[in-house]
Amino acid sequence: MNFFNIYLEKIKKSTIKNKKKLDFKENQILNKIIVETPPDNFDCDLSTNIALILAKKTNKNPKIIAEKIKAILIHEIKHFSSIDIAGPGFLNIKLSNEAWFYVIKNIEKNKKNFGSNKKNHKYNIEFVSANPTGPLHIGHCRGAIFGDVLSNLLKFNGNKVTKEFYINDYGKQINDFSKSIYFRLKEIKFNTKFPSDETLYPGSYIIDISKKILNDEPDINLENFDKIKNKLKKQGLKYSMDLIKLDLKNLGITHDKFFSETTLVKNKSVEKVIKILKKKNLIEEGYLDPPKGEDNKNWKKVKRLIFKSSLFGDDTNRALTKNDNTWTYFANDLAYHSNKVSRKYDYLINILGADHAGYIRRISSAVNALSKKENILICKVCQLVKLIKNGQPYKMSKRKGDFIEIKDVLNEVGKDSLRFMMLSRSNDAELDFDFNKVLEKNKENPVFYVQYCYARINSLYTSLKINPKSMNKLTGLKFNPNDYEYKLLRKIIEWPKIVELSVKKLEPHRIPFYLYELVTIFHSYWSKGNEDSKFKFIVNGKIKNELTFKIFQLITIILKNAMHILDVSLPKKM
RNA sequence: GCGCCCUUAGCUCAGUUGGAUAGAGCAUCGGUUUUCUAAACCGAGGGUCGUAGGUUCGAAUCCUUCAGGGCGCGCCA
């Protein structure tokens with residue numbers, strides 16, 4: 001229910017009906033027409049560029065065309081009460097009272113769905129997918145929150161979404177992880193020193209995991225690592241995933257599906273995909289060139305299996321087997337994405353960290369080779385988070401084991417602030433995460449500013465002792481808004497458009513920005529009464545104008561819907 | 001060397017896929033509380049939208065050039 005689209009269609013319809021008068025033939029030339037919110041300094045509700053577009057296509061003077069269209073629209077569209085021509089030929093439209101009643105009624109009717117554009121696609125969103133070798137750190141949480149909110153947003157817009165976590169439980173890292181547990185176990189049992197080996201994980205959580213394993217099996221035989229390797233891997237993985245799931249839960253995130261990489265290898269999924277690609281002549285046995293960047297010690301010129309990803313725009317072809325003839329990460333990922341393709345989603349979305357952006361070409365090539373649909377895979381990259389504490393950059397080192405865990409941040413700043421803050425920036429831009437700022441409870445911390453609006457509205461209900469639900473039954477409502485109420489209404493009708501745009505561009509950060517703008521007008525209005533009694537909305541303990549409360553109710557609807565998407569709380573009292 | 005992202009007010013950032021006088025917050029300066037929540041509000045100053053070209057009625061937005069910053073360039077995951 002996007003009001004701008006509704007009026008766009010009406011405008012188009014009327015224009016096409018009057019084709020001859022306006023002297024054009026092809027309806028397509030109306031494709032670029034938009035209906036949008038006019039700049040603040042114009043006292044009108046909608047604005048359209050139709051005259052400019054039409055003038056360009058028919059080589060006419062835009063102002064003359066504008067006059068013609070104005071006459072047509074004002075005659076044909078009852079919801080338009082007046083139209084001004086401004087600037088180079090914009091039509092600035094004011095909606096009639098009838099139109100505003102229609103808008104208000106419509107929002108109240110849709111309520112929880114107000115803003116939803118009722119699409120019906122099937123999405124798979126893969127996000128977090130952190131290595132299961134320990135708890136999450138602050139760097140993970142941007143992508144985690146981004147993915148979660150994007151899922152909520154798509155669901156709100158009527159789609160079906162599967163939230164998926166790919167467990168990288170295969171390969172070298174998980175081996176190093178089990179070895180680290182092995183040495184910690186020896187350290188605990190026999191007091192042997194934990195080796196200073198760069199490949200091992202030093203973090204203290206390894207000690208905790210080791211203790212748990214020891215608790216399960218106090219008599220575990222530690223003579224030979226290789227003999228208990230698989231056991232340690234399995235147990236370590238389990239406890240590690242417990243840590244990750246707990247972190248996610250505290251962030252308010254639950255995945256629908258956890259997909260294990262090892263499973264793919266075990267049930268020969270990789271071989272199966274390679275067979276398919278071989279038939280398409282996309283696999284070859286051969287040699288690859290050495291890497292272009294820094295020298296790599298492990299690089300060897302060996303005949304190996306190669307995927308011809310350069311046919312799909314990748315810089316180079318990609319290896320599927322390692323030196324020891326096991327599968328590369330990419331080979332397994334190929335199988336994983338083949339699996340996702342076979343599950344018949346309309347879109348596959350991968351949320352990646354900036355350090356994995358270089359991987360996109362490769363995996364997109366693979367999916368394009370595997371799927372009949374074009375560009376079914378969309379990769380969204382979250383840029384880095386820079387931590388700042390007391391005005392200083394705060395560096396983490398995973399190798400030393402001194403990184404900031406999500407649970408510590410949550411303890412300090414809370415889920416609401418963390419989620420809101422992580423979304424208060426475009427995913428394409430780096431984000432400064434300032435510990436001092438998120439702890440502040442004022443305007444500089446936008447989450448409080450937004451929540452405060454809801455709390456203020458609710459305080460009205462309590463102080464006036466009215467039940468907000470009874471407000472639905474208002475009769476004899478008059479449409480006589482003051483300047484602030486007009487501003488609010490104009491902002492309110494933007495909400496579905498914000499949702500639509502956020503979905504289209506997969507950019508949930510637009511929602512916090514919108515909320516901030518909306519509540520700014522509200523807070524302005526609230527305070528205006530102090531200065532000018534004309535703007536007081538309560539007189540002698542009674543509501544002055546029912547429309548005011550109607551508008552506040554519409555704000556409440558939006559706040560609830562939006563904060564539900566963000567999964568940030570909305571307390572009635574603060 | 002190559003690829004991706006960024007560059008907008010002193011600082012941190014928005015900017016509705018090409019529109020009107022480029023917007024917020026912070027910081028600075030100055031104001032507002034016997035009043036529906038001051039966790040708030042109002043006002044002022046502050047801009048060559050990194051650079052140089054191009055596309056057109058019209059560019060922060062699209063194309064090209066160059067510069068600066070970040071991330072990556074495995075047969076690690």
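Labels below follow one simple rule: chain letters A, B, ... track the order of the sequence lines, proteins then strands, and each chain is numbered from 1. These numbers were taken from a predicted model, which means no experiment stands behind them.
- Here the two rings, on A/F90 and A/F42, have centers that are 6.0 Å apart or farther.
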Under 3.5 Å, which protein N or O atoms sit close to an N or O of nucleotides 7-11 of chain B? Give each pair with its distance.
none

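- When distances run from any side-chain atom of A/S527 to the nucleotides B/rG3, B/rC36, B/rC41, the shortest one goes to B/rC41.
- In this model, the phosphate group of B/rA24 is not approached by any side-chain N or O of A/R425 to a distance below 4.0 Å at OP1 or OP2.
- A gap of 43 Å separates the P atoms of B/rG1 and B/rA24, to the nearest Å.
- A/F4 comes within contact range of no nucleotide atom at all, as no heavy-atom separation falls under 4.0 Å.
- Note that A/K544 lies outside the cation-pi zone of A/F537, set by a 6.0 Å cut-off to the ring centre and a 45° limit from the axis.
- B/rC36 is unpaired under the criterion used here, namely a Watson-Crick or G-U wobble arrangement in which both key atom distances are under 3.5 Å.
- Within 4.0 Å (heavy atoms only), A/K32 reaches no atom of the nucleic acid at all.
- Here A/W526 does not pack flat against the base of B/rC41, since the 5.5 angstrom centre distance and 30 degree tilt limits are not both met.
- The aromatic ring centroids of A/F146 and A/H509 lie 6.0 Å or more from each other.
- Comparing the P positions of B/rC62 and B/rG19 gives an interatomic distance of 11 Å, to the nearest angstrom.
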Result block: side-chain N/O donor-acceptor pairs under 3.5 angstrom for residues 420-429 of chain A, not counting sequence neighbours:
unit_1 : atom_1 : unit_2 : atom_2 : d
A/S424 : OG     : A/F420 : O      : 2.7
A/S426 : OG     : A/D428 : N      : 3.2
A/N427 : ND2    : A/V381 : O      : 2.9

Distances under 3.5 Å between protein N/O atoms and the N/O atoms of nucleotides 56-63 of chain B, please, pair by pair.
unit_1 : atom_1 : unit_2 : atom_2 : d
B/rG58 : O6     : A/K56  : NZ     : 3.0

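- If you run side chain to side chain contact (heavy atoms under 4.5 Å, CB included) between A/R510 and each of A/L501, A/L515, A/V503, only A/L501 comes through.
- Within the shown strands, B/rG3 is the pairing partner of B/rC71 under the Watson-Crick or G-U definition, both distances less than 3.5 Å.
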Query raised in the report: Would A/D314 and A/R318 count as a salt bridge (Lys or Arg N to Asp or Glu O under 4.0 Å) if you check the C-alpha gap in whole Å, the side-chain angles of each, and the deciding distance to 0.1 Å?
Result: CA-CA 9 Å; A/D314 199 0; A/R318 302 293 176 176; 2.9 Å; yes
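- OP1 or OP2 of B/rG15 sits under 4.0 Å from a side-chain N or O of A/H509.
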Pairwise N/O distances under 3.5 Å, protein to nucleotides 32-35 of chain B:
unit_1 : atom_1 : unit_2 : atom_2 : d
B/rU35 : O2     : A/K536 : NZ     : 2.3

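- Rounded to a whole angstrom, the distance from the P atom of B/rU17 to that of B/rG30 is 42 Å.
- For A/N157 (side chain) and A/N117 (main-chain N/O), a donor-acceptor pair under 3.5 Å exists by modelled atom type.
- The pairing partner recorded for B/rA20 is none, the criterion being a Watson-Crick or G-U wobble arrangement whose two distances lie under 3.5 angstrom.
- Base-pair partner of B/rC62: B/rG54 (Watson-Crick or G-U wobble, both distances under 3.5 Å).
- Within the shown strands, B/rG43 is the pairing partner of B/rC29 under the Watson-Crick or G-U definition, both distances less than 3.5 Å.
- By the 5.5 Å and 30° criteria, A/Y449 is not stacked with the base of B/rA39.
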Requested in this report: Can you check each nucleotide of nucleotides 69-76 of chain B against protein heavy atoms at under 4.0 Å and return B for base, S for sugar-phosphate only, - for none, in 5' to 3' order?
Outcome: -SSS-BBS
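- For A/K528 and A/Y525, the positive end is not near the middle of the six-membered ring at less than 6.0 Å and at most 45° from its axis.
- Among residues two or more places apart in sequence or in another chain, the side chain to side chain donor-acceptor pair (under 3.5 Å) test is passed with A/N323 by A/R304.
- OP1 or OP2 of B/rC42 sits under 4.0 Å from a side-chain N or O of A/S524.
- Atoms CG (A/L352) and C1' (B/rA77) sit 13 Å apart, rounded to a whole Å.
- Taking the six-membered ring for Trp and the full ring otherwise, the centers of A/Y336 and A/F259 sit less than 6.0 Å from each other.
- One finds a side-chain N or O of A/S459 lying less than 4.0 angstrom from the OP1 or OP2 phosphate oxygen of B/rU37.
- As judged by a 4.0 angstrom heavy-atom cut-off over every strand, A/N41 is placed among the base-contacting residues.
- Put simply, the side chain of A/N482 gets close to the backbone of A/E485: a donor and an acceptor are under 3.5 Å apart.
- A/N61 places a side-chain N or O within donor-acceptor distance of the main-chain N or O of A/K63, the cut-off being under 3.5 Å.
- Without hydrogens or angle criteria, A/S364 side chain to A/I360 main chain gives a donor-acceptor distance under 3.5 Å.
- With hydrogens and angles ignored, a donor-acceptor pair closer than 3.5 Å exists between the side chain of A/S47 and the base of B/rA20.
- B/rG15 and B/rU32: their P atoms are spaced 37 Å apart (whole Å).
- Here A/A55 lies out of heavy-atom contact (under 4.0 Å) with every strand.
- The only option from A/K491, A/R490, A/K94 that meets the salt bridge (charged side-chain N to carboxylate O under 4.0 Å, His left out) definition with A/D45 turns out to be A/R490.
- With a glycosidic angle no more than 90° from 0, B/rU33 adopts the syn conformation.
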